Number of protein chains: 2
Amino acid sequence: MSKTTKRDLLLNSALTLFSEQGIHSTSTASIAKHAGVANGTLFHHFENKHSLVSSLYIASKQQLASALVLSDDLLSQSLKQQVEALWHLALNWAVSHPRQLTFFQQVATENFLPQALRIKAMKTELSILEMMITVGQAQKIIVEYPLDLLLDHCQSQMIASGLFFINNPSLIAIDDYRDNAFNLFWRAIAIDA
Amino acid sequence: MSKTTKRDLLLNSALTLFSEQGIHSTSTASIAKHAGVANGTLFHHFENKHSLVSSLYIASKQQLASALVLSDDLLSQSLKQQVEALWHLALNWAVSHPRQLTFFQQVATENFLPQALRIKAMKTELSILEMMITVGQAQKIIVEYPLDLLLDHCQSQMIASGLFFINNPSLIAIDDYRDNAFNLFWRAIAIDA
DNA sequence: GTCTATAGCTGGATAGAC
DNA sequence: GTCTATCCAGCTATAGAC
């Protein structure tokens, strides 16, 4: 396929080191060294460290977005089944992309990127979820709590679940755990359960 | 009361700057300047930056722990009422100590302190919750999912709720929001709701 | 205990050869 | 595009006067 350019090597090394050490405490020099390229090469491909971080952030968010597409045959199913499918897509992506998930957390807590960029990325990410919740409320399947509270709740729930399985890798394979994790998610927002 | 020593000033300034900028990107020089003391004074009171951070972490965790004590008359109430009381204590502490809460997040994601210290602090913190869950399961009030999953779930739920209200301060005063937030928490783990 | 001054080092970023 | 060499700012931490 598309060959691995030095730019790609740098992005990949950056992701690895960021997720291990945090963004601020990872030097550009160490990124270049880990990628096996010269220091100056990094600044040929990226204007500065911030530009490197935001390139990585945007690329990772796009990866995630493209993983969260529901297949067409699901659209005829019940809302709960659609939510469950979405939830499993997200969890699967999280456990198979642990570096990206911790990187997202770091971008949020280290205040490295401008808030505007993060909020914009979040908005598009939550639009599917927002639609599902609205539909579910109209069908009296989902509790009628304020939308902002529900959206925040669902999002942090998913991230927390992903991190839990990343931190306890041996549990990923156990179907009971995965099912229970979804049940905790669904019971909270569903009417009648 | 106890007078504010320069050591206290330094800890307080550190907390403010850390929560705004992150730990790694806050210099000891800026902490001393913000506290209105000389650079060298910081290193008289703390051996190095790590020692400053861990002192602050331990003190903050103790503050939190002392805020989470249930009053005696609650012990005769139902388990749900005890859980609800604990939940509100935690939420109240969070919204009135926003700097501490973001600082906890930063310690966790920036990997600044040794994991052992963090795990130890977490263990004691979760012991009350663990007891409540175990009792609730015996009484068939709380779902019988694995304890590690439930503990992680409850903890991240509480933190997420706290951060939500810190990020949306205008909603704190609205009782409905607080009640709904607790309901989302309780519905997930309660049997029969 | 608190200050000033500064040592010693590391980081981000640039210049210029190839 | 990639490299080597290097500049300069800012950081942690120390020394020593008061």
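To find a chain, count down the sequence lines: A is the first, B the second, and so on, and within it residues start at 1. Since the structure is predicted, the reported quantities are computational estimates derived from the model, not experimental observations.
In this structure, N39(A) atom CG and dC7(D) atom C1' are separated by 13 Å, rounded to whole Å. As a whole-Å value, the separation of L42(A) CG from dT4(D) C1' is 15 Å.
For DNA chain C, the outermost nucleotides in 5' to 3' order that have an atom under 4.0 Å from a heavy atom of chain B are dG1(C) to dT4(C).
Within the 4.0 angstrom heavy-atom criterion, base atoms lie near T41(A). Using a 4.0 Å heavy-atom criterion, one finds that T5(A) contacts no nucleic acid atom at all. Using a 4.0 Å heavy-atom criterion, one finds that T26(A) contacts the sugar-phosphate atoms exclusively.
Under the side chain to side chain donor-acceptor pair (under 3.5 Å) criterion, H50(B) pairs with no residue, sequence neighbours left out.
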task: I would like to know whether Q100(B) and S60(B) meet side chain to side chain donor-acceptor pair (under 3.5 Å); could you show each step before the answer?
output: CA-CA 7 Å; Q100(B) 276 90 338; S60(B) 299; 4.7 Å; no

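Relative ring orientation between F182(A) and F185(A) is described as tilted, the plane-to-plane angle lying within the 30° to 60° band. Taking the six-membered ring for Trp and thresholds of 30 and 60 degrees, H97(B) and W93(B) have nearly parallel ring planes, at less than 30 degrees apart.
A donor-acceptor pair shorter than 3.5 Å cannot be found between the side chains of R7(B) and N12(B).
Residues from residues 43-51 of chain A that place a heavy atom under 4.0 Å from any atom of DNA chain C, listed by number: F43(A), N48(A), K49(A).
With contacts defined as side-chain heavy-atom distances shorter than 4.5 Å, the pair R118(A)/Y57(A) qualifies. Contact annotation: the side chain of E125(B) approaches that of Q155(B) to within less than 4.5 Å [non-hydrogen atoms, C-beta and beyond].
With E110(B) contributing its side chain and I23(B) its backbone, the two residues share a donor-acceptor pair below 3.5 Å.
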